[in-house]
Trainee: 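To start, I am sharing the structure in question, which I have written as structure tokens.
Any value given below was found using the heavy atoms of this structure, including those in side chains, with hydrogens, waters and symmetry copies removed. As the structure lists them, so they are numbered: ligands from 1, and atoms in each ligand from 1.
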Amino acid sequence: AKDGGRGEMRIFEPRMDEKIERERELASEMKGALERGEFHLAVQPIFDLAGERITAGEVLLRWTNRRYGPVSPAEFIPIAEDNGLIVAIGGWVIREACRVGRDWGDVTIAVNLSPIQLRSAELPSVILGALASSGLCPERLELEVTETVLLNDIEASLTALDAINRLKVRTTLDDFGTGYSSLSYLTRFPFQTLKIDRSFVTDLERNPASVAIVQTIIDLAQKLGMRTTVEGVETQAQLDQLRRTRCDSVQGFLLGHPLPVDQFGALFRERSLR
Ligand code: C2E
Ligand code: CA
Ligand code: CA
Ligand code: CA
């Protein structure tokens, strides 16, 4: 048992070291990444329930590092939040999204916002600057915020969301239904769109109760004047179930994967000509 214990330690320690070492390295690589042009955007189409019209594109950040190659946002966003670089990187995302999206036509551009960005005092001026330099009309920009952060500091969250809405930029409550979500979010915060988390969709085929839950959330959101999007639609069966609800939009690999910005622009133009 003693040997076994040591064996485990030997296997475990290097892995922990490697993980911490990789995090440290990524944090340090991240410092010059904007200047080196290592970031780019992908855009995933969001469709109306019929699947006919693209109503929006969600902008997703991509990082290809000179040493580590592609790093997923699930890995690097938390690091950027820890070392504070998320404010600069996230500001670049907003400016770049407005710049590339301006000429796409009548489609909403949805950009993810980190809680750190939401609480940063410079956010309104970053948004104003991005709108002014791109010429994008504010109604076409929508900022997605995940629910987990809001209740930590209700006052600050409300102030920030109001400031965004005053610029005529819309807000989405993202990943709804995960974590300690509560229906009170819907009445407490001024969101125009509610995005229902993928976990509900995964469950749709197995569990008929999920349809009822999703339907109830959608009904409530709509009564409160919010639009609803369901994310993570991967199968036709899931889409068929969702069509029985009256959600406004659907997003997922079944309908469209994240695309390079040029391809998204072309897809939107081609679709809107039909
Ligand atoms: P999210 O905001 O929930 O974005 C949706 C994620 O789900 C994306 O992953 C997308 O590629 C993936 N996805 C879309 N459809 C499907 C589907 O049908 N099935 C499955 N399994 N996945 C699907 P991605 O691009 O890896 O982004 C992961 C997360 O990283 C995002 O989750 C978001 O929280 C964060 N993120 C991405 N870009 C940014 C950004 O510019 N700023 C901030 N703060 N966070 C970002
Ligand atoms: Ca999102
Ligand atoms: Ca989401
Ligand atoms: Ca998510």
Trainee: Mind running salt bridge (Lys or Arg N to Asp or Glu O under 4.0 Å) on E52 and R271 for me, showing each step along the way?
Mentor: CA-CA 8 Å; E52 280 163 9; R271 283 276 186 153; over 6 Å; no
Trainee: Using distance alone, with no hydrogens and no angle criterion, decide if T172 and Q192 have a side-chain donor and acceptor under 3.5 Å apart.
Mentor: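 No pair is found: no donor N or O on one side chain lies under 3.5 Å from an acceptor on the other.
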Trainee: Of the side chain and backbone of R198, name the one, both, or neither that has a heavy atom under 4.0 Å from an atom of ligand 1.
Mentor: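 Just the side chain.
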Trainee: Got a salt bridge between R36 and E29, using NZ or NE/NH1/NH2 to carboxylate O under 4.0 Å?
Mentor: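 Yes, R36 and E29 are salt-bridged.
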Trainee: Would you say G232 contacts ligand 1, with heavy atoms under 4.0 Å as the rule?
Mentor: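 True for this residue.
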Trainee: For S114, counting its heavy atoms only, list the atoms of ligand 1 lying under 4.0 Å from any of them.
Mentor: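 By the 4.0 Å cutoff, the relevant atoms are 44 (N).
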Trainee: Is the closest side-chain donor-acceptor distance between E38 and T64 under 3.5 Å?
Mentor: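 No, no side-chain donor-acceptor pair sits under 3.5 Å.
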Trainee: If you measure every N or O of D174 against every N or O of ligand 1, does any of those distances drop under 3.5 Å?
Mentor: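 There is such a contact, yes.
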Trainee: Under 4.0 Å from a heavy atom of P258: give me the atoms of ligand 1 that qualify, with their elements.
Mentor: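 Answer for ligand 1: 11 (O).
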Trainee: Could you tell me if any non-hydrogen atom of E234 lies under 4.0 Å from any atom of ligand 1?
Mentor: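 Heavy atoms of E234 do come under 4.0 Å of ligand 1.
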Trainee: On the 0 to 90° scale, with breaks at 30° and 60°, tag the F76-W63 ring pair as parallel, tilted or perpendicular.
Mentor: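 Judged by the thresholds at 30° and 60°, the geometry between F76 and W63 is perpendicular.
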Trainee: Quick test of your reading of the model: are R99 and E96 salt-bridged, counting only N-O distances below 4.0 Å?
Mentor: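 Counted as a salt bridge, because a side-chain N and a carboxylate O are separated by less than 4.0 Å.
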Trainee: Looking at D197, D203, T202, which one forms a side chain to side chain donor-acceptor pair (under 3.5 Å) with S199?
Mentor: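 Single pass found, and it is D197.
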Trainee: I need the atoms of ligand 1 closer than 4.0 Å to a non-hydrogen atom of L60, numbered in the order shown.
Mentor: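 Matching atoms, with element in brackets: 4 (O), 8 (C), 10 (C), 11 (O), 25 (O), 37 (C), 38 (N).
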Trainee: Does ligand 1 have a heavy atom under 4.0 Å from the side chain of R62, from its backbone, from both, or from neither?
Mentor: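 R62 to ligand 1: side-chain contact only, backbone stays beyond 4.0 Å.
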Trainee: Give the single entry among V201, N112, V145, L254 that approaches atom 33 (C) of ligand 1 most closely by any heavy atom.
Mentor: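 Residue with the shortest heavy-atom distance to the ligand atom: N112.
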Trainee: What is the OE2(E58)-the Ca ion (ligand 2)-OD1(N112) angle, to the nearest 10 degrees?
Mentor: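 Centred on the Ca ion (ligand 2), the OE2/OD1 angle is 90° (to 10°).
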Trainee: With the side chain counted from C-beta on, respond yes when L173 and T193 share a heavy-atom pair under 4.5 Å apart, and no when they do not.
Mentor: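 Not touching, per the 4.5 Å side-chain cut-off.
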Trainee: Regarding E144, does it place an N, O or S atom less than 3.0 Å from the Ca ion (ligand 2)?
Mentor: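 So E144 does bind the Ca ion (ligand 2) by this criterion.
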Trainee: Would you say the Ca ion (ligand 2) has T146 as a near neighbour, meaning an N/O/S atom of that residue under 3.0 Å away?
Mentor: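 Under 3.0 Å: T146 has no N, O or S contact with the Ca ion (ligand 2).
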Trainee: Numbering the atoms of ligand 1 from 1, which are under 4.0 Å from a heavy atom of D175?
Mentor: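 Checking each atom against D175, I get 3 (O).
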Trainee: Under 3.5 Å between some N or O of ligand 1 and some N or O of E58?
Mentor: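 N/O-N/O distance under 3.5 Å: yes.
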Trainee: Mind checking whether the Ca ion (ligand 3) has an N, O or S of E231 under 3.0 Å?
Mentor: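 Within the cut-off used here (under 3.0 Å), E231 does place an N, O or S atom near the Ca ion (ligand 3).
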Trainee: In terms of atom number and element, which parts of ligand 1 are under 4.0 angstrom from non-hydrogen atoms of Q44?
Mentor: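 Counting atoms of ligand 1 from 1, those under 4.0 Å from Q44 are 14 (C), 15 (N).
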Trainee: Is a side-chain donor-acceptor pair under 3.5 Å present for Q241 with E205?
Mentor: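 Side-chain D/A pair, E205 to Q241: absent.
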Trainee: Looking only at side-chain N and O atoms, does E142 offer a donor or acceptor that is under 3.5 Å from a partner on T171?
Mentor: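 Note: T171 and E142 side chains miss the donor-acceptor criterion.
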Trainee: Backbone, side chain, both or neither: what part of V93 comes under 4.0 angstrom of ligand 1, heavy atoms only?
Mentor: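 It is the side chain that gets close, since no backbone atom is under 4.0 Å.
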Trainee: Does ligand 1 come near enough to I86 that some N or O of the ligand is less than 3.5 Å from an N or O of the residue?
Mentor: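 In fact, backbone or side chain, I86 has no N or O that close.
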Trainee: Give a rough value, rounded to 10 degrees, for the angle at the Ca ion (ligand 3) between atoms OD1 of D175 and OD1 of D174.
Mentor: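 With the Ca ion (ligand 3) as the vertex, the angle is close to 80°.
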Trainee: Under a 4.0 Å threshold between the charged nitrogen and the carboxylate oxygen, would E144 count as salt-bridged to K195?
Mentor: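 Salt bridge between K195 and E144, a charged N being under 4.0 Å from a carboxylate O: yes.
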Trainee: So is E231 close enough to ligand 1, meaning a heavy atom under 4.0 angstrom away?
Mentor: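 For ligand 1, residue contact (heavy atoms, under 4.0 Å) with E231 is present.
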Trainee: About how many Å separate CG of N65 and CZ of R67, when rounded to the nearest 0.5 Å?
Mentor: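 It is 7.5 Å, given to the nearest 0.5 Å.
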